[in-house]
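Predicted, not measured: the structure shown is a model, and the values here were computed from it. First the proteins, then the strands, lettered A, B, ... as listed; each starts at 1.
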Amino acid sequence: MQNTLSEQELIRRESLQKLRELNIDPYPAALYPVSHLAADIKTSYEDGAEGFEEVCLAGRLMMRRIMGKASFAELLDSSGRIQLYISRDDISPDEDKSLYNTVFKKLLDIGDFIGVKGFVFTTRVGETTVHVKELTVLSKSIKPLPIVKTRIDEETGQEVTYDAFTDPELRYRQRYLDLVVNPNVKQHFTIRSQVIREMRKFFDDRGWMEVETPVLQPVHGGAAARPFTTHHNALDMPLFMRIANELYLKRLIVGGYDGVYEIGKMFRNEGMDRTHNPEFTALEIYVAYKDYFWMMEMVEQLINAICRQVTGGENIEVGGEQISLAMPFRRLPMLQGIEEYAGVNIKGMDIEALLQVCQDLDIEVDPKYGKGKLIDAIFAAKVEPHLLQPTYITDYPIELSPLAKKHRTEEGLVERYELFINRQEIANAYSELNDPIDQRERFEDQLKLAAEGDDEAMAMDLDFVRALEYGMPPTSGLGIGIDRLVMLLTNQTSIQEVIFFPQMKKEVRI
RNA sequence: GAUCGCUUAGCUCAGCUGGUAGAGCAACGCCCUUUUAAGGCGUGGGUCCUGGGUUCGAACCCCAGAGCGAUCACCA
C-alpha cells in the first residue's frame, strides 16, 4: 500500500466516513434483489412494453451528468451499461433531500456499486433509461477508476474513444480494471469459455471421459521442455510440475478406457513472449483402436464445430487475412512440404547432406543438431511461413517424436501430424507408440541426447514402459493448445490477451 | 538471453537548444429538471520510474538499475 494517498483517494475516504455518519452502511451485508440485467432491458424494452414497470438493477456507477434537481447517470453491470434518470423528488420524496443532494451528488463516486429500483422508459433523445425511484449504496470505491469515454462521431459514425486505458503493463497487472473499463476485453474471455465448453460437449457426446491426472510428477515426460521443479517436504523428494500429461493418459488407456481426455494447465520453464506464458492450457485426448488418419478427421470436425459455435461461420479473420476452416483440411507430408517450398528433396539424406542443405538455404543451425532437428529447422524456416490456411503436416522424423509409432510404410518417419493454422501449430497428434520394447529404446535414445547436453530431452519413465508391457491397444492421441486456438478465434496476436492473469515480473511498488 | 524503444497528475498525453511543470478528461466549489465524451464559471492536485554523475541550474545531458513493449533466439 502506498503510504501517501492522492487527493482523490483522501476525498473518497472522507465520503466513506460521511456516509457512515448519515447511517448509511457503505458495505452492507444483505443481498440485493436484482431482477434485470442492463443488456436484457436494452434489447427487449420498447416504449409501452409490459413487464418493465418495476426493475431492480445493480452495478457500478460509471458516469453522472448532474443538472440541478435531476440527473442522468450510467450504471455498468455484468452485461453492460444502461442510463439512469434520477430526479431529486423521486428518490427523496420527503422533506429530507439528503439522499439526492448529499449522497448522490456529493458522496457517491464513479466506480461505486449501487442498486436501483424503478421503471424503464425512453428519453426524448431515444435512450432506454431506468427512472430511479429507490437508490441503495452497495459498495464504496475508494480509488478512482481510469475514466474511458466513448462517443459516436456524427460525421463518420465511428466510435471515438477518449483516454483509453491501454498501457499493457497496467492492463495485465490490474486485469480487474481492464475488465471494468474496456468492454471488448470480456469478449475474448467469453469466447475462451465457449471454446472449452464446446470441446467438452464434443467429447462427452462421443462417450469419452474427462479425467484428471497429476500436476506434480516424479518424472517429467510427454514433451520436450524444461520443467519447473519443486520439493515435497513430507516425502522428501523432488517433484516436477507437469510439462505434459500424455504418459498418464496413456496409462488410463492401458487400464481399459476407450477414450479419456483432460483439459488443464501445463507448466514450462522457458522464455516468455507474446505467444508463450509459463503456464498454459492444453487439451489432450487419447482414443483406443484409432490411428492418426482417424484423428485428422476428428480434429477438423472439432475445430470446425467450435468455430461455427463461436463465430457462426466457417471463416475467421486473423491479422487482416481470411482463413477458411471448412472441411477437409489440406494434408501435406513434411518432406513433401520441404520439397514444395524449399525445392529440395531431403529423403534419405544423412546429417552431412542436411547440414549442407541448411547452409545452401542460409538457415542457421547448431552443428550439434541431429537429423531430426535439422529437418525441423528447414521446415520451420521454409515451410511454416506458407501455412496460413489449415494444413496437416504429416509424417515427422522419428528423432523428434519419441512417443509416436513408427510409420507403417516410411522408414525413419513416425505416424504424427501437426495442424498448422495461421503459420502456428494448433494441434499435435500421433498414432501412439504401444510397442514396449521400441518405447524403451526411444527413451534410451533420449537419455543419450540428455547426456550430450540436450536439456529438453525426455527422461526415462520406467513405470510407463512397464504399463506398455502389459499391453496398450492401438491408440491415437492428440494435444491442442487452447490459448493459441482462442487467439486464433479472437484475432489476437498476444497470448496475454486471452489469459486473465498472464505471468509478469514482480511489481516493484504497490 | 540479445538489440531497440517507452516510463511526466487518477487516465490519455504535451513539455523546443538544460532556466525550476502544462492541457483535456477525472476530482473539489457554485449554477442548471430529459442530458449524450452534457454545458458554464472557479479551485486544488506531481518521488517528471529509481540511484548516482555533469552543471550556477536537470523532466531534458551522461552512467548504472527497474518495469513494460517490439524484434530475434528456444519452446505450445
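Remark: A/R88 is not in phosphate contact with B/U33, judged by side-chain N or O atoms under 4.0 Å from OP1 or OP2. A close approach under 4.0 Å does occur between a side-chain nitrogen or oxygen of A/R274 and OP1 or OP2 of B/U71. For the pair A/K106 and B/C30, the criterion of a side-chain N or O lying under 4.0 Å from OP1 or OP2 is met.
Taking atom C1' in both B/U7 and B/C32, one finds a spacing of 42 Å when rounded to whole Å. Comparing the P positions of B/U17 and B/C6 gives an interatomic distance of 15 Å, to the nearest angstrom. With C1' as the reference atom, B/G19 and B/A59 are 13 Å apart, rounded to whole Å. Comparing B/G65 with B/U3, their P atoms sit 11 Å apart, to the nearest whole Å. With both ends at atom C1', the span from B/G24 to B/A14 equals 11 Å, rounded to whole Å. Across B/G45 and B/C28, the matching C1' atoms stand 10 Å from one another, rounded to whole Å. A distance of about 22 Å separates the C1' atoms of B/C4 and B/U8, rounded to the whole Å. Rounded to whole Å, the separation between the C1' atoms of B/G51 and B/U43 comes to 36 Å.
The local environment of CD in A/E54 is sparse, with at most 12 non-hydrogen atoms from other residues, nucleotides or ligands closer than 6.0 Å. Residue A/D360 qualifies as enclosed at atom CG: its count of foreign heavy atoms under 6.0 Å is above 12.
The base-pairing partner of B/U3, taking Watson-Crick or G-U wobble contacts with both distances under 3.5 Å, is B/A70. Pairing for B/A27 is with B/U43, a Watson-Crick or G-U wobble pair whose two hydrogen-bonding atom distances lie under 3.5 Å. Pairing partner, B/A38: none, since no Watson-Crick or wobble contact has both distances short of 3.5 Å. Using Watson-Crick or G-U wobble geometry with both donor-acceptor distances under 3.5 Å, B/G22 finds its partner in B/C13.
Atom CD in A/E169 sits about 7 Å away from atom P in B/G69, given to the nearest Å. Between the CG atom of A/N101 and the C1' atom of B/C31 there is a distance of 14 Å, rounded to whole Å. Taking atom CG of A/D167 as the reference point, atom C1' of B/C49 lies 12 Å away to the nearest angstrom. B/U33 atom C1' lies 10 Å from atom NE2 of A/H131, rounded to whole Å. Between the CD1 atom of A/I363 and the P atom of B/A73 there is a distance of 12 Å, rounded to whole Å. Here B/C32 presents its C1' atom at 13 Å from CZ of A/F72, a figure rounded to the nearest Å. For the pair A/I142 CD1 and B/A27 C1', the interatomic distance rounds to 16 Å; values are reported in whole Å. In this structure, the CE atom of A/M504 is 5 Å from the P atom of B/G69, given to the nearest Å.
When all heavy atoms of A/F228 and A/P278 are compared, the pair lying nearest together is CZ-CB, 3.9 Å. In plain terms, the two heavy atoms of A/S476 and A/Y430 that are nearest each other are OG-O, 2.8 Å. The two atoms that bring A/V120 and A/Y45 nearest to each other are O-OH, 3.1 Å, heavy atoms only. When all heavy atoms are compared, the tightest approach of A/N101 to A/K106 is O-CG, 3.4 Å.
The side chain of A/S6 lies closest to B/G10, out of B/C11, B/U35, B/G10. The nucleotide whose nearest atom lies closest to any side-chain atom of A/D109 is, among B/U33, B/C28, B/C68, B/C28. Nearest to the side chain of A/E127, among B/C11, B/U35, B/G67, sits B/U35. Considering only the side chain of A/R124, B/U34 comes nearest among B/C11, B/A27, B/U34. When distances run from any side-chain atom of A/T129 to the nucleotides B/A27, B/U35, B/C68, the shortest one goes to B/U35. Side-chain proximity of A/D89 to the nucleotides B/U34, B/A70, B/U33 is greatest for B/U33. Among the nucleotides B/A26, B/U33, B/G69, the one closest to any side-chain atom of A/A70 is B/U33. Listed nucleotides B/C11, B/C68, B/U35 differ in distance to A/T123; the shortest reach to its side chain belongs to B/U35.
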Please tabulate, one pair per line, all N/O donor-acceptor pairs under 3.5 Å involving side-chain atoms of residues 380-390 of chain A, not counting sequence neighbours.
residue : atom : partner : partner atom : Å
A/H386  : NE2  : A/K382  : O            : 3.3
A/Q389  : OE1  : A/S324  : N            : 3.0
A/Q389  : NE2  : A/Q322  : O            : 2.9

If you look only at distance, which donor and acceptor atoms sit under 3.5 Å apart when one is on a side chain in residues 239-250 of chain A and the other is two or more places apart or in another chain?
residue : atom : partner : partner atom : Å
A/R242  : NE   : A/K265  : O            : 2.9
A/R242  : NH1  : A/T213  : O            : 3.2
A/R242  : NH1  : A/T213  : OG1          : 3.3
A/R242  : NH1  : A/E262  : OE2          : 3.0
A/R242  : NH2  : A/E262  : OE2          : 3.4
A/R242  : NH2  : A/K265  : O            : 3.3
A/N245  : ND2  : A/E262  : OE1          : 2.9
A/E246  : OE2  : A/K250  : NZ           : 2.9
A/K250  : NZ   : A/E432  : OE1          : 2.5

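At a cut-off of 3.5 angstrom, counting only N and O atoms as typed in the model, there is a donor on one side and an acceptor on the other between the side-chain of A/E7 and the base of B/G44. Under 3.5 Å, the side chain of A/D273 and the base of B/C74 form at least one donor-acceptor pair of N or O atoms. Applying the 3.5 Å distance criterion, the base of B/U33 shares a donor-acceptor pair with the side chain of A/Y85.
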For this session: Mind running side chain to side chain contact (heavy atoms under 4.5 Å, CB included) on A/I306 and A/M199 for me, showing each step along the way?
Result: CA-CA 7 Å; A/I306 290 171; A/M199 211 171 245; 3.9 Å; yes
Can you give me the N/O atom pairs linking the protein to nucleotides 38-40 of chain B at distances under 3.5 Å, or say none if there are none?
residue : atom : partner : partner atom : Å
B/A38   : OP1  : A/K149  : NZ           : 3.1
B/A38   : OP2  : A/R65   : NE           : 3.4
B/A38   : OP2  : A/R65   : NH1          : 2.5
B/A38   : N6   : A/I66   : O            : 2.7

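Two residues, A/M272 and A/P146, neighbour RNA chain B, and the one matched to the more 5' nucleotide by heavy-atom proximity is A/P146.
At a threshold of 4.0 angstrom between heavy atoms, the contacts of A/D483 with the nucleic acid are absent.
To the nearest 0.5 Å, the span separating CZ on A/R60 from CG on A/D112 amounts to 8.5 Å.
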